[in-house]
S.K.: 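The structure under discussion is supplied below as structure tokens; questions concerning it will follow.
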Amino acid sequence: MTTRPRIVVLSAPSGGGKTTIAKALRDQFPDRFGFSVSATTRKARSGEKDGVDYHFWKPQEFLRGVGEGKFLEHAKYGHELYGTLRSDVEKILASGRHVLLDIEVQGAEQVRKLDPQALTIFILPSDPRVLIQRLVKRGSETPDQIQERLERATYEIGKATQFHRWIRNDDLDEAVAAIMKTIEDPEKFGREKHDISWLNSYLNQLKEALYQQKG
Ligand code: ADP
Ligand code: 5GP
């Protein structure tokens with residue numbers, strides 16, 4: 001560990017690659033990263049394990065957790081609740097590792113307010129059509145859910161300017177290397193100057209692709 005452990009938030013529209021990148025970081029650097037397993041009220045996808053991918057909680061259990069202050073942050077996504085457990089985050093930081101949070105944009109905002117040392121990263125493939133293709137190809141959502149997630153993506157991309165860094169996820173190894181470089185170089189820590197015109201053009205292309213899909 002060359003830098004002191006911190007919270008590293010990975011956010012992206014659905015299909016952007018945050019789960020894949022978080023896994024690659026843990027697999028390649030197990031002594032540097034721990035992953036905070038979130039609680040959610042959504043149902044497990046095929047292959048997902050309770051306690052590994054998520055803690056799959058009933059809504060009552062989740063709301064009790066909120067009342068008991070168990071969450072560092074929590075938010076609603078679609079029709080479901082998702083939250084980061086304080087206990088997980090504290091355990092990983094105490095072990096001297098960075099803690100990876102794979103969370104959506106409202107949660108990222110809460111973390112930024114709570115912890116000024118947290119590094120927040122927004123991930124996107126360079127081409128919005130690739131985002132759609134990857135989400136569709138993953139095959140974990142129904143066509144209606146995919147449509148909902150892509151519509152939400154336009155809102156999420158609008159929040160990208162609040163993040164410290166944008167990482168393009170075209171080649172996985174390059175995306176992982178870019179994240180490592182950012183984390184290991186505290187000199188460069190701080191909000192980068194974002195290319196807003198690129199983001200606007202991305203949003204327009206995504207909206208156009210969505211419109212064509214609907215038609
Ligand atoms: P998210 O967690 O942001 O919803 P995932 O990590 O599930 O996104 O990635 C969406 C899909 O895209 C998955 O099927 C994943 O295997 C694939 N994927 C992610 N990153 C890449 C990449 N760099 N190159 C090719 N496919 C990728
Ligand atoms: P999915 O259902 O695809 O696993 O996740 C849906 C969204 O919820 C993704 O954007 C994911 O990053 C986000 N998410 C997962 N866990 C948490 C969490 O603990 N808190 C927040 N705010 N969002 C989360």
Side-chain angles (χ1 to χ4, degrees), residues 7-28 35-57 62 65-66 70-89 92 99-115 118 120-142 145-146 148-157 159-160 162-163 166-179:
I7 293 178
V8 179
V9 170
L10 303 179
S11 285
S14 194
K18 53 200 174 302
T19 311
T20 306
I21 289 176
K23 185 173 182 311
L25 285 166
R26 272 177 297 153
D27 288 351
Q28 291 176 33
F35 181 70
S36 158
V37 178
S38 294
T40 182
T41 57
R42 87 150 160 77
K43 300 244 170 346
R45 290 177 189 145
S46 118
E48 283 184 332
K49 290 198 184 78
D50 192 20
V52 175
D53 300 285
Y54 280 105
H55 301 287
F56 293 101
W57 285 3
F62 193 102
V66 173
K70 284 190 176 160
F71 291 109
L72 183 72
E73 62 73 36
H74 65 280
K76 196 165 181 196
Y77 179 95
H79 305 287
E80 308 293 347
L81 296 165
Y82 294 80
T84 302
L85 291 164
R86 284 180 198 281
S87 53
D88 253 33
V89 171
I92 295 166
V99 52
L100 293 168
L101 306 187
D102 166 348
I103 63 177
E104 53 68 68
V105 293
Q106 299 167 74
E109 195 166 354
Q110 293 173 47
V111 171
R112 251 191 314 268
K113 283 190 181 140
L114 275 170
D115 180 4
T120 61
I121 296 175
F122 196 81
I123 299 163
L124 276 178
S126 296
D127 184 338
R129 287 167 304 184
V130 172
L131 176 73
I132 299 176
Q133 280 160 14
R134 286 186 185 163
L135 183 56
V136 171
K137 206 170 146 207
R138 187 173 71 190
S140 49
E141 280 80 27
T142 64
Q145 285 168 332
I146 288 174
E148 264 179 38
R149 284 180 172 229
L150 289 173
E151 275 163 23
R152 187 174 174 111
T154 58
Y155 155 76
E156 292 170 320
I157 293 168
K159 298 276 180 193
Q162 299 176 352
F163 285 72
W166 295 351
I167 299 287
R168 301 206 183 176
N169 177 24
D170 299 325
D171 177 85
L172 181 60
D173 290 340
E174 283 175 19
V176 167
I179 290 177

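Just so you know, ligand 1 is whichever comes first in the structure, and atom 1 is the first atom listed for that ligand. What you see below is based on every heavy atom in this structure, not just the backbone, and it leaves out hydrogens, waters and symmetry mates.
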S.K.: Side chains of T40 and R42: do they bring a donor and an acceptor to under 3.5 Å?
M.R.: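 Side-chain D/A pair, T40 to R42: absent.
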
S.K.: Backbone or side chain, does any N or O of A12 fall under 3.5 Å from an N or O of ligand 1?
M.R.: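 Between A12 and ligand 1 (N or O atoms, distance only) the closest approach is not under 3.5 Å.
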
S.K.: Could you check whether R168 pairs with D170 (Lys NZ or Arg NE/NH1/NH2 to Asp/Glu carboxylate O, under 4.0 Å)?
M.R.: no

S.K.: Any idea which atoms of ligand 1 are less than 4.0 Å away from a heavy-atom of G16?
M.R.: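 Listed by number with element: 3 (O), 8 (O).
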
S.K.: Checking a contact table here: which protein heavy atom is nearest atom 1 (P) of ligand 1, and how many Å away?
M.R.: K18 NZ, 3.5 Å

S.K.: Among all the protein's non-hydrogen atoms, which is closest to atom 8 (O) of ligand 1, and how far away is it?
M.R.: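 Nearest neighbour among protein heavy atoms for atom 8 (O) of ligand 1, to 0.1 Å: G17 N, 3.1 Å.
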
S.K.: Determine, for E141 against R45, whether the closest basic-nitrogen to carboxylate-oxygen distance falls under 4.0 angstrom.
M.R.: yes

S.K.: Of the protein's non-hydrogen atoms, which lies at the shortest distance from atom 23 (N) of ligand 1, and what is that distance?
M.R.: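 Ranked first by proximity to atom 23 (N) of ligand 1 is N169 OD1, 2.8 Å.
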
S.K.: Give the ring-plane orientation class for F62 versus F71, where under 30° counts as parallel, over 60° as perpendicular and anything between as tilted.
M.R.: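 F62 and F71: parallel rings.
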
S.K.: Any idea which part of P13 is under 4.0 Å from ligand 1, heavy-atom wise: side chain, backbone, both or neither?
M.R.: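 Contact part for P13 vs ligand 1: backbone (N, CA, C, O).
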
S.K.: Kindly indicate whether a cation-pi arrangement holds for R112 with F163, taking the cut-offs as under 6.0 Å to the six-membered ring centre and within 45° of the axis.
M.R.: yes

S.K.: Enumerate the atoms of ligand 1 whose separation from the nearest heavy atom of L172 is less than 4.0 angstrom.
M.R.: 23 (N)

S.K.: Which bit of D170 gets closer than 4.0 Å to ligand 1, counting heavy atoms only: side chain, backbone, both or neither?
M.R.: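 Looking at D170 and ligand 1, just backbone atoms fall under 4.0 Å.
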
S.K.: Find all atoms of ligand 1 within a distance of less than 4.0 Å from any non-hydrogen atom belonging to T19, and give their numbers and elements.
M.R.: 1 (P), 2 (O), 6 (O)

S.K.: Nearest 0.5 Å, what's the CG-NZ distance between L172 and K23?
M.R.: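 It is 10.5 Å, given to the nearest 0.5 Å.
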
S.K.: To check your reading of the model: name the closest protein heavy atom to atom 13 (C) of ligand 1, its residue, and the distance in Å.
M.R.: R138 CD, 4.1 Å

S.K.: Could you tell me, for ligand 2, which of its N or O atoms are under 3.5 Å from any protein N or O, listing the pairs and their distances rounded to 0.1 Å?
M.R.:
unit_1: ligand 2; atom_1: 2 (O); unit_2: R42; atom_2: NE; d: 2.6
unit_1: ligand 2; atom_1: 2 (O); unit_2: Y82; atom_2: OH; d: 2.6
unit_1: ligand 2; atom_1: 2 (O); unit_2: R149; atom_2: NH2; d: 2.9
unit_1: ligand 2; atom_1: 3 (O); unit_2: R45; atom_2: NH2; d: 2.7
unit_1: ligand 2; atom_1: 3 (O); unit_2: R149; atom_2: NH1; d: 2.8
unit_1: ligand 2; atom_1: 3 (O); unit_2: R149; atom_2: NH2; d: 3.4
unit_1: ligand 2; atom_1: 4 (O); unit_2: R42; atom_2: NH2; d: 2.8
unit_1: ligand 2; atom_1: 4 (O); unit_2: Y54; atom_2: OH; d: 2.6
unit_1: ligand 2; atom_1: 5 (O); unit_2: Y54; atom_2: OH; d: 3.3
unit_1: ligand 2; atom_1: 12 (O); unit_2: D102; atom_2: O; d: 3.3
unit_1: ligand 2; atom_1: 12 (O); unit_2: D102; atom_2: OD1; d: 2.6
unit_1: ligand 2; atom_1: 12 (O); unit_2: I103; atom_2: N; d: 3.4
unit_1: ligand 2; atom_1: 16 (N); unit_2: S38; atom_2: OG; d: 3.1
unit_1: ligand 2; atom_1: 16 (N); unit_2: D102; atom_2: O; d: 3.4
unit_1: ligand 2; atom_1: 19 (O); unit_2: S38; atom_2: OG; d: 2.6
unit_1: ligand 2; atom_1: 19 (O); unit_2: E73; atom_2: OE2; d: 3.4
unit_1: ligand 2; atom_1: 19 (O); unit_2: G83; atom_2: N; d: 3.3
unit_1: ligand 2; atom_1: 19 (O); unit_2: G83; atom_2: O; d: 3.1
unit_1: ligand 2; atom_1: 19 (O); unit_2: T84; atom_2: N; d: 3.2
unit_1: ligand 2; atom_1: 19 (O); unit_2: T84; atom_2: OG1; d: 3.4
unit_1: ligand 2; atom_1: 20 (N); unit_2: E73; atom_2: OE1; d: 3.4
unit_1: ligand 2; atom_1: 20 (N); unit_2: E73; atom_2: OE2; d: 2.7
unit_1: ligand 2; atom_1: 22 (N); unit_2: E73; atom_2: OE1; d: 2.9
unit_1: ligand 2; atom_1: 22 (N); unit_2: E104; atom_2: OE2; d: 2.7
unit_1: ligand 2; atom_1: 23 (N); unit_2: E104; atom_2: N; d: 3.1

S.K.: Do me a favour and list the nearest non-hydrogen protein atom to atom 17 (C) of ligand 1 with residue, atom name and distance?
M.R.: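 Checked against all protein heavy atoms, atom 17 (C) of ligand 1 sits closest to R134 CD, 4.1 Å.
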
S.K.: Can you pull out the closest protein heavy atom to atom 19 (C) of ligand 1? Residue, atom name and distance to 0.1 Å, please.
M.R.: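 For atom 19 (C) of ligand 1, the nearest protein heavy atom is T20 OG1, 3.5 Å.
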
